[in-house]
*Asks:* 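Please see the structure below; I have some questions.
Letters A, B, ... mirror the listed sequences (proteins, then strands); counts begin at 1. Keep in mind the model is a prediction, meaning the values are calculated, not measured.
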Amino acid sequence: ENADPQKTAFLLRKAWTLYSVTPLYGFRRARLRDYARLLSAFIAAEKQKGLAVEVGVELDIKVALSSLAELRGSELDQAALLVQLSSRSRASSRNSEDKLVWSGWFCSVFGDDLSENVPEHFTCLPLFLTHGAESYTSLVGSWFQKTFDCCFRRLAISPLNLSWMVAMWAGCKLDRAASAVELVFSVPRLAQPLDISYAIHPEDAKALWDTVQKTPGEITQEEVDVFMDCLYAHFHRHFKIHLSAAKLVKVSTAVASAHCDGIVKILHSQYLPGVLMLLTELAISQIQ
Amino acid sequence: HLATSLPLPSERDHLRPRIDLVVFMIDIKSKYSLKNVETSLTHVDASFFLGKVCFLVTGVGRVNACSIETNAVCKLGEAYCSPVLFCELELEGIRATTAQRLLRMLQICAGHIPGVSALSFVSLMRKSDDD
């Protein structure tokens with residue numbers, strides 16, 4: 001995973017919406033330019049039909065497809081595929097730069113569970129991340145579904161998986177001063193919805209995780225449970241509220257943040273492969 | 001009779017009828033409900049675990065709202081030799097079926113079904129490779 005930090009810098013500090021994707025049939029890496037042309041034509045055609053994406057300014061959408069060889073876990077993974085939609089206003093001068101309006105990328109980081117069981121002609125890139133207007137996401141998604149006979153589904157993250165993430169990420173070693181570890185809970189069954197935000201000093205969180213984790217590099221469900229129970233007990237001692245009865249909806253650490261609706265933000269390039277590996281695993285379990 | 005936790009208040013002991021079946025309800029969306037059940041279990045007399053206890057896990061329809069690992073609940077069932085039922089109370093059909101199942105179990109535990117006792121549940125729980 002010697003990902004060139006320059007090439008992957010665009011992934012950081014952006015909120016990505018997650019989807020799981022079933023294997024693509026008949027996808028050929030050599031045809032990226034053709035696919036870009038076809039997708040571009042599809043988007044233009046859909047706009048003609050009146051499914052206008054932006055009202056007012058007339059925009060030409062340019063499509064670029066590229067491979068990111070560095071974004072993968074092992075040699076068994078397919079290289080990531082990046083799709084970028086840029087616009088150039090017709091009204092502006094020829095020298096004006098294209099503005100990136102939407103980006104999405106398919107990837108697989110240690111997705112062997114899926115790829116080893118797949119027949120020929122199928123390409124496995126189970127995780128799809130998007131940033132930009134939902135209308136573009138559905139245009140790109142429709143084209144891929146029609147062309148490669150695949151299926152997209154929003155990837156939701158359960159409270160169980162969110163607690164796994166916060167335990168993992170709070171325990172990461174970081175050189176610079178880190179931001180607080182924050183957990184957001186939503187309290188069910190109230191007349192007015194109530195959100196509780198629980199912020200913990202990152203050093204305290206890491207110290208707690210270090211006392212819980214037995215084998216470095218390995219994490220068990222029991223260890224995650226103990227970590228979370230300590231946090232819940234501490235909160236209960238001070239506020240007499242059982243956070244364990246509420247729904248964990250968002251976790252935030254200096255490494256990354258994740259929301260149960262399937263939205264993540266990766267903040268630290270060092271841990272990018274680790275985060276992607278976890279997300280790939282979630283995507284694969286949603287597909288299977 | 002419905003209670004949020006055990007033990008039941010001792011003041012009403014003499015008014016309470018015989019207890020034939022204890023159903024522990026665990027909400028898969030609430031870690032707290034599991035902890036509550038685990039604590040309450042310690043207040044149940046050992047004789048109940050001969051088929052008069054069962055675990056009812058609710059909310060299983062929403063996979064994405066899980067706060068508890070189903071494995072953990074199954075292990076709890078095994079540890080206490082009691083069946084674990086899964087249901088989704090928000091779906092009327094499943095709610096009705098689950099209620100019927102519990103009622104049937106209660107009839108057996110109360111001795112209303114000749115020839116079948118609560119001990120039958122325990123023997124059904126035993127795995128085939130145990131003996």
*Asks:* Which atoms form the tightest heavy-atom contact between Pro159(A) and Cys66(B), and what is the distance?
*Replies:*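 Of all heavy-atom pairs spanning Pro159(A) and Cys66(B), the closest is CD-O, 3.2 Å.
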*Asks:* Please look at Ile68(B) and chain A and tell me whether the side chain, the backbone, both or neither of the residue comes under 4.5 angstrom of a heavy atom of that chain.
*Replies:*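 Interface part for Ile68(B): backbone (N, CA, C, O).
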*Asks:* Does atom CG of Leu15(B) have more than 12 heavy-atom neighbours from other groups under 6.0 Å away?
*Replies:*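 It does: Leu15(B) CG has more than 12 such atoms within range.
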*Asks:* Would you enumerate the inter-chain donor-acceptor pairs between chain A and chain B whose distance is below 3.5 Å?
*Replies:*
from	atom 1	to	atom 2	distance (Å)
Leu160(A)	N	Cys66(B)	O	2.9
Asp229(A)	OD1	Lys31(B)	NZ	3.4
Asp229(A)	OD2	Lys35(B)	NZ	3.1
Ser244(A)	O	Lys31(B)	N	2.9
Ser244(A)	O	Tyr32(B)	N	3.0

*Asks:* Quick check on Ile157(A) against chain B: is it the side chain, the backbone, both or neither that has a heavy atom closer than 4.5 Å?
*Replies:*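 Interface part for Ile157(A): backbone (N, CA, C, O).
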